[in-house]
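Take a look at the structure below.
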Amino acid sequence: MNDIPTPDSIGLSREDLPNSYIGRSVPRPNVPKLVQGRATYTDDVVLPRMVHAAFLRSPHAHARIVSVDATAAMQVPGVVRVFTGQDLAKVCDPWVAVLAHLKGMKSAPQHPLPLDRATWQGEPIVAVVADSRAAAEDGVAALRVEFDPLPAQVDMETALAPGATVIHTELGDNLVFQRTAVQGDVDAAFAAAHKVVEATFVTGRHTGVTLEPRSIIADYNRADGTLTVHQSTQAPHMMQNVFAKQLRMEESQVRVICKDVGGSFGIKVHVYPDEVAVAAMSRILGRPVKFVADRFEAFASDIHARDHRIKGRIAVDADGKILGFDIDDLTGIGPYSVYPRTSAIEGNQVVNLCGGPYDFANYRCTTTVVLQNKVPTCQYRAVGHPIATAVTEGLVDLAAQAIGMDPIEMRRRNLVRDDAYPFTSPAGMKFEGLSHHASLKKLLEMVPVERIRADQAEARARGVHRGLGIAAFIELTNPSPFMYGIGGARISAQDGATVRMDPDGSVVVASGVTEQGQGTEAILAQIVAHGVGVPVGKVRVITGDTQATPYGGGTWACRGAGIGGEAALQSAIALKEQLLTVAGTMLQANPASLDIVLGEVVDKATGAQRISLSEIGRIVYFRGDTLPKDLPREFVQTRHFITKEYPFAFTNGIQACWVEVDVATGMVKVLEHWCVEDCGRVINPLLVDEQVRGGIVQGLGGALYEHCVYDDQGNLLTTTMADYLVPMAAEMPEIHVGHVETPTRESLLGAKGAGEAGTAGAPGALMNAINDALRPLGGIVTAQPFTPASILRALGTI
Amino acid sequence: MVRMKWPAIGYVRATSLEDLWTAQAAHGGSAQVLAGGQTLLATLAFRLSDPKVLIDITRIAALRGIGAQGGVLRIGALTRHAELGRDPLVRQHAPLLAEAVPLIAHPAIRNRGTIGGSLAYADPAAELPACVVALGATIVLASARGERRVAAEDFFTGLLQTALEPGEIIAAVELPSATAATRCAIVEVARRSGDYAMAGLAACLSLDAAGTVAAPRLVFFGVGSGPVLAAKAGAALAGRVLDHAAIGAAQMALAEDLDPPADMHGPPEMKRHLARVLTQRALGRFLPASEIAA
Ligand SMILES: Cc1cc2nc3c(=O)[nH]c(=O)nc-3n(C[C@H](O)[C@H](O)[C@H](O)COP(=O)(O)OP(=O)(O)OC[C@H]3O[C@@H](n4cnc5c(N)ncnc54)[C@H](O)[C@@H]3O)c2cc1C
């Protein structure tokens, strides 16, 4: 299969190989549009008769809605209508976010606006629709809503305790999901171990801060009974299904259009009650309704993630061989599991991924997923990975320290061997082919460990504390139906691409995967240019329209390149075959003796140009009469791709982080960071490197700065960018990225996902680096984010 | 819950002080002065205050300009942070202010924010209020009733509270020029560059040839309801030769000077601890080379 020429595979430089765009840092065709402000974000779309929605959001974490008085709001100039939960329930059904394969999972029905109870601070309660957003906001200010505050269940540790406030009494308790994976004999292994080390880790609740906030326009047209939704989303086809189902329409009556999207990170792949409310209001009003979340609304209603407390133990023998992991994960997910992917997936991933890079025999991991009165949590970039990696790598470092072994040697002894594949992990994950040892070797070529250790010793003598931390990781990409489909969610694991050639010889690809700023459209253009044999500038890309693209899953869980890219490659190759068939007839040559290079049909043996694609286009489209009657001339080809052999294409990598801790102030400065990752075939090195860098920044952000802080009443304290700290350029280090390429054999392209690797490993590497720095002082930190206060506490200073 | 869109607000541009007084007379208490807008516009978006009219003062020439005369540096209220940072007179006569500027926010904000706005808003974690108290400045206030002068340390009266009376504005800040004996430093700990400080210190003192401290003014920010002049720590330094022991004494004395609140970054103990660290870091810069090595 994997016979696509890459520059490396045939010993040429990239410049020598103009027709192979795979593996080249082709500039992204959509960048000028983005930087010149000529993109079309949802908010740029203006429709006739459009009205604007604003929401009154709950000021309480938990409260009964006693009454809603809209009299004054309706008097505000410009206000068109006020909607309550009851109003919307007439046209919109509630949803319950559970998946059948997550055994025993339960959650409560959620309405677009709640009928009688607010369950988190920031939950949309009443909507006002007006001629402008400002008038709608004035209308919201004039609403009189009486709340009767109820006790809030804020702390996940007490969610299952006697006396807890049961958030949905019909569920009986606050337990959403629990799963334990067991392999081997954990108790025996730990009892007999040379050393057992344990620690409790906390990953801080944080969120993905997209530059463009969530945005939607819903336009119900009474004349033809269709609903057109312009939405900033990662999964247009999933949303098409959701809107149709909740609003009791046919799927074919709903069209979701998603043009430019200003970042998503998983935030925009979920069903939000305010967005469904917008669709329901448009259904009732028969007018387009727009809603764009502002930054405050983003913090109080975009999904949060990573609110976990993990107790972990590791057992090792005297040679540093890992005997087992024993892990207990607890996570609070807010008052509802989020539809349709559910909020149990993150905990489930922790169970799937802990210990992932290592070869060991005994494993026990439990996740317990509970309700609480905070913003709902759900999948955010690298779902579960940074948690599992920090726990695993934190424990490995502690074990290395306990037996006096160098942390790098500890990893070398335990990482799954590169020749051990296929391999099934103790958690039951199947790996087709990973490269932990090659990646470690490459990392050690990049990180000057000896120089760093010398510098560390010299600095320590001056009272300056620096540390080096390492974290190996695995990453789950290219998900099959085993992720959501088997649980009953209508989320496509298959994706399609349609590639066509127009008379001028240019090519259009329409794909079911989507672009949110990461460059999906760039790699689709590269792949199609490569597959057909045209200059990349001749390829135009259509994504984000359920009516114009093949059905597909969209872009999430690192599937854009691996799934969408393969569909595009296969359809491009099919088009090329068709073009060569026609060219062969025209030239009276055997199609197998011809090739297409940069838009010209050439003689394969000599490279001599025979006919251009535009000439073929002219003849086929305008003078088809001159061709043999029975000649097929299908210049539109569609292919689909779904993975079949493995539930997921796992990738792997390893990161290193070099920090300086100011032990007087607790401030951490990241000096340098490295990542080697193996995403299989690298299609566009620049894009992959930037994905890795951006992912690392988000990982470091969550580990150092980003934190959704609540008080004990369930009030969210971090509702602006002044309080919710994102990493900024000045704080970020030089980040070095290296690659090992182990293509998946499931596809011709061989690509796996690359977008989450950076985020997966960065927090663990950073934690280990900080602890390496603090080691001589006897301090250790395991609770993210690693704030100055937490470090000063670890040092016993405060 | 807070909102993020402004209510409808009127706008008036004053081009002279006379203009301003007229506009204020017309709109009374419902008007608010707008300078760089870097604080005010954000608070309006949150609907924290509810003015009906904004009076833009940025075109009033009388509030601009920096001049040095007779040992006094006068800085007009409209001086932007960025101007403060690059002005040669400021660098010469009040280097502390120039040193403070890079610690304030980010370039875009420094290009618009004004010293008058910063002092009038009196954020407890802001750099400039602490600096003007440390420098022993005088705040020049103006209103339709005329001018009056208030010592900087009397100007800040509580959390976001100042001695400004209704209808009054800050016209300028006057500072005694630095002498050869003057030693000033500003240090802070902020989560990210440009953030308001978790704790900061603007320190000024004189050192004579023997290294003896006179007129020490240690002013902390981010640790109280406004700039906090640490009187006990100052007393511990005054008249002493500056050395590690003197610095240690000042650090000890802070226990009585500071009563910091907890905030999102940490508990009061952390702020007390950081104040001691900053005291060491600021004063340590004034130690003779022999002491530093010790
Ligand atoms: C993201 C961000 C980060 C920031 N970080 C910092 C920081 O680290 N440190 C720091 O010190 N500041 C910081 N600031 C605040 C910045 O320095 C502001 O510019 C300053 O506080 C206010 O100045 P202004 O001219 O913009 O005032 P405006 O916003 O125009 O006004 C602020 C208040 O002062 C009043 N006012 C303005 N001028 C006068 C006057 N001459 N007389 C009487 N009243 C007046 C106004 O009526 C208003 O009440 C930050 C701001 C932002 C947006």
* Asked: Any donor and acceptor pair, going by atom type alone, linking the side chain of Arg192(B) with main-chain N or O of Val726(A) inside 3.5 Å?
  -> yes
* Asked: Hey, what do you get for OG (Ser193(B)) to CE (Met728(A)), rounding to the nearest 0.5 Å?
  -> 6.0 Å
* Asked: In Å and rounded to the nearest 0.5 Å, what is the CE to CG distance from Met264(B) to Asp723(A)?
  -> 3.5 Å
* Please name the residue in the list Met270(B), His273(B), Glu269(B) that meets the side-chain contact (heavy atoms from CB on, under 4.5 Å) test with Thr797(A). => His273(B)
* For Ala105(B), is it the side chain, the backbone, both or neither that has a heavy atom under 4.5 Å from a heavy atom of chain A? -> neither
* So Arg281(B) and Thr665(A), side-chain contact (heavy atoms from CB on, under 4.5 Å) or not? Walk me through it. -> CA-CA 11 Å; Arg281(B) 288 187 179 175; Thr665(A) 62; 3.5 Å; yes
* To do: Answer yes or no: does atom CZ of Arg112(B) have more than 12 heavy-atom neighbours from other residues, nucleotides or ligands under 6.0 Å?
  => no
* Taking side chain as C-beta onward, heavy atoms only, is Pro788(A) less than 4.5 Å from Val189(B)? -> no
* Asked: Within the side chain of Arg191(B), is there an N or O that forms a donor-acceptor pair under 3.5 Å with the backbone of Met667(A)?
  -> no
* **Portion of Leu725(A) that has a non-hydrogen atom of chain B nearer than 4.5 angstrom** => both
* Asked: Between Met721(A) and chain B, which part of the residue has a heavy atom less than 4.5 Å away: side chain, backbone, both or neither?
  -> backbone
* Taking Ala722(A), Ala664(A), Ala134(A) one by one, which has the highest count of heavy-atom pairs under 4.5 Å against chain B? -> Ala664(A)
